[in-house]
Amino acid sequence: EENINLLNEDLGDKKRVVRAMVGKIRTGALCTEDVMTSPNDGAPAKKKKSSSLKKARSELAVEAMEKMEVVLQQTILENSTLKESLKNMGEEVDRMRLRQ
């Protein structure tokens, strides 16, 4: 239980770091061309383009955040598994030494 609580705290800290990093990433370059173009160059089209761009950026940021969170959770789980395996191997080596 204690190990799970520590992992959850660690995960929460890492989520905050990832969110801060995603907030600094420019996502405008990732927009599709059809979001960037409009049929005319009037002021209403610019407002529409701006709101579409903001919406696309928000959607991309959310999608990127979700993917990074999944990767982070998988990495933490793998690290935990590896630590447990290393601990078990150390215990096995100690038992083998005591037998000899």
Side-chain angles (χ1 to χ4, degrees):
E1 246 183 84
E2 183 179 332
N3 191 24
I4 292 172
N5 289 336
L6 290 173
L7 288 173
N8 283 333
E9 288 176 17
D10 189 40
L11 179 61
D13 292 341
K14 290 179 181 178
K15 279 184 180 180
R16 283 189 287 280
V17 169
V18 169
R19 284 190 178 121
M21 298 283 289
V22 168
K24 294 179 182 179
I25 295 173
R26 288 184 160 183
T27 56
L30 301 176
C31 292
T32 61
E33 193 172 313
D34 51 314
V35 171
M36 299 298 289
T37 59
S38 63
N40 58 23
D41 290 323
K46 287 182 181 179
K47 287 182 182 180
K48 182 179 178 182
K49 180 170 51 173
S50 176
S51 74
S52 296
L53 182 60
K54 286 178 184 178
K55 183 178 178 183
R57 284 182 180 176
S58 295
E59 289 172 0
L60 286 171
V62 167
E63 183 180 337
M65 178 65 68
E66 289 171 354
K67 288 180 180 180
M68 284 191 256
E69 286 179 0
V70 168
V71 170
L72 180 62
Q73 289 173 355
Q74 289 173 343
T75 302
I76 290 172
L77 180 60
E78 288 174 11
N79 286 345
S80 176
T81 303
L82 289 171
K83 284 179 185 180
E84 187 66 30
S85 296
L86 184 60
K87 178 184 168 191
N88 291 339
M89 286 173 45
E91 291 171 356
E92 183 66 26
V93 167
D94 287 342
R95 280 189 290 247
M96 291 172 70
R97 271 194 224 150
L98 292 175
R99 289 183 194 164
Q100 292 178 352

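Just so you know, residue 1 is the first one in the sequence shown, and it goes up from there.
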Glu63 CD to Met68 CE distance, which is reported to the nearest 0.5 Å: 10.5 Å

side-chain contact (heavy atoms from CB on, under 4.5 Å) evaluation trace for Leu86 with Leu82: CA-CA 6 Å; Leu86 184 60; Leu82 289 171; over 6 Å; no

Between CD1 on residue Ile76 and CG on residue Leu72, distance to nearest 0.5 Å: 4.0 Å

Pairs satisfying side-chain hydrogen bond (donor to acceptor under 3.5 Å, both in side chains), at least one member in residues 76-93, at least two apart: Glu92-Arg95

